[in-house]
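Beneath this line is the structure, given in structure tokens, with notes to follow.
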Amino acid sequence: MADRPGAPPRAWQRMLSGRRLDLLDPSPLDVEISDIAHGLARVARWNGQTSGDHAFSVAQHSLLVEEIFRRIVPAASPDAQLAALLHDAPEYVIGDMISPFKSVVGGGYKACEERLQHAIHVRFGLPAEIGAGLKKDIKRADQIAAYFEATVLAGFATAEATEFFGRPRGVTVDGLDLGPQPAKRVQETFLARFAAIEKLRSN
């Protein structure tokens with residue numbers, strides 16, 4: 001629906017939970033894990049340019065990154081595991097913009113993404129800005145996941161994927177789930193993993 005003439009542009013999105021999340025000033029109180037899981041399970045990685053009967057969703061990518069993160073940081077705390085699971089959580093609102101397009105759009109997208117990430121972290125009791133070491137480890141897991149997705153699902157040759165994402169070291173694809181799944185199933189798996197981490201955090 002178009003904004004009323006003369007009214008300021010609408011900067012919030014209504015979620016299925018009933019929350020209205022303001023993109024310009026997102027409140028942690030308007031962040032719900034049910035909305036995150038629902039949205040991420042329906043946002044396609046690689047702009048949908050992946051093989052399989054279903055899109056490989058950001059929710060499935062997030063689960064993959066968190067699993068790889070635990071492999072490379074076996075002693076990771078439950079808080080660190082949650083940060084890894086939620087590393088792309090802002091995309092439940094703003095979608096998964098491929099890296100080449102981010103370069104075209106510039107800083108405005110990044111600023112919006114960071115505001116949302118801070119609100120999400122605060123909502124779930126994480127520091128608004130995670131430490132540099134943890135950020136580096138999650139980024140490494142993210143790059144490894146991207147390499148496997150690129151070569152298994154997105155048609156990249158090994159040399160091409162290595163050029164863009166680096167060759168994985170110390171992690172193999174064995175035991176990792178790269179089969180694109182229906183949105184509802186991935187949504188439930190994401191929520192189950194979130195609940196498992198929250199149980200660890202409460203102990």
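Since the model is a prediction, treat every value here as computed from it, not as a measurement.
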Who passes side chain to side chain contact (heavy atoms under 4.5 Å, CB included) against [X], sequence neighbours left out?
| X | result |
| --- | --- |
| E114 | K110 |
| E188 | K184 |
| L200 | P78, Q81 |

Do Q187 and L40 pass the side-chain contact (heavy atoms from CB on, under 4.5 Å) test, and can you show the C-alpha distance, the side-chain angles, and the key distance before you say yes or no?
CA-CA 8 Å; Q187 179 179 343; L40 294 186; over 6 Å; no
Verdict with supporting geometry, M15 and Q13, side-chain contact (heavy atoms from CB on, under 4.5 Å)
CA-CA 6 Å; M15 302 298 169; Q13 179 179 349; 4.0 Å; yes
Just do the side-chain contact (heavy atoms from CB on, under 4.5 Å) check on S57 and V43 with the steps written out, would you?
CA-CA 5 Å; S57 69; V43 175; 6.0 Å; no
With [X], which residues qualify under side-chain hydrogen bond (donor to acceptor under 3.5 Å, both in side chains), at least two apart?
| X | value |
| --- | --- |
| R20 | none |
| D30 | none |
| R19 | E32 |
| K135 | E129 |

Rounded distance [0.5 Å steps], [atom1] in [X] versus [atom2] in [Y]:
| X | Y | atom1 | atom2 | result |
| --- | --- | --- | --- | --- |
| R140 | I144 | CZ | CD1 | 4.5 Å |
| Q117 | L86 | CD | CG | 7.0 Å |
| I94 | C112 | CD1 | SG | 5.0 Å |
| E198 | I33 | CD | CD1 | 8.0 Å |

Quick check: do [X] and [Y] have side-chain heavy atoms less than 4.5 Å from each other?
| X | Y | value |
| --- | --- | --- |
| F69 | L134 | yes |
| L153 | P180 | yes |
| D96 | D88 | no |
| T158 | R167 | yes |
| R115 | L23 | no |

So which pairs with a foot in residues 144-153 pass side-chain hydrogen bond (donor to acceptor under 3.5 Å, both in side chains), sequence neighbours left out?
R45-E149, W46-E149, H61-E149
Any pair counted as side-chain hydrogen bond (donor to acceptor under 3.5 Å, both in side chains), so long as it reaches residues 62-72, sequence neighbours left out:
E66-R70, E66-R193
Closest approach of [X] to [Y] (non-hydrogen atoms, all atoms of both residues):
| X | Y | result |
| --- | --- | --- |
| A59 | F190 | O-CD1, 4.0 Å |
| F148 | T172 | CZ-C, 3.6 Å |
| A119 | P26 | CB-O, 3.7 Å |
| I138 | V65 | O-CG1, 4.3 Å |

Once ring pair (Phe, Tyr, Trp, His ring centres under 6.0 Å) is applied, do any residues pair with F194, and if so which ones, sequence neighbours excluded?
F124
As a test of understanding, state which of V93, L116, V122, I36 forms a side-chain contact (heavy atoms from CB on, under 4.5 Å) with V31.
I36
Examine distances only and state if a side-chain atom of [X] and a backbone atom of [Y] form a donor-acceptor pair shorter than 3.5 Å.
| X | Y | answer |
| --- | --- | --- |
| H87 | A84 | yes |
| D22 | L24 | yes |
| D35 | S17 | yes |
| H121 | L126 | no |

Test side-chain contact (heavy atoms from CB on, under 4.5 Å) applied to L64 and D177, step by step
CA-CA 7 Å; L64 178 64; D177 185 4; over 6 Å; no
If two hydrophobic side chains count as joined below 4.5 Å and joins carry through other members, does Y92 share a cluster with W12?
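Different clusters.
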Are L29 and I120 grouped together when hydrophobic residues (ILVMFWY) are joined by side-chain heavy atoms under 4.5 angstrom apart?
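They do not share one cluster, since no chain of ILVMFWY contacts under 4.5 Å joins L29 to I120.
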Only counting residues at least two apart or in another chain, list the ones meeting salt bridge (Lys or Arg N to Asp or Glu O under 4.0 Å) with E160.
none
Residues two or more places apart in sequence or in another chain: which of them pass salt bridge (Lys or Arg N to Asp or Glu O under 4.0 Å) with D79?
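Expected list: R201.
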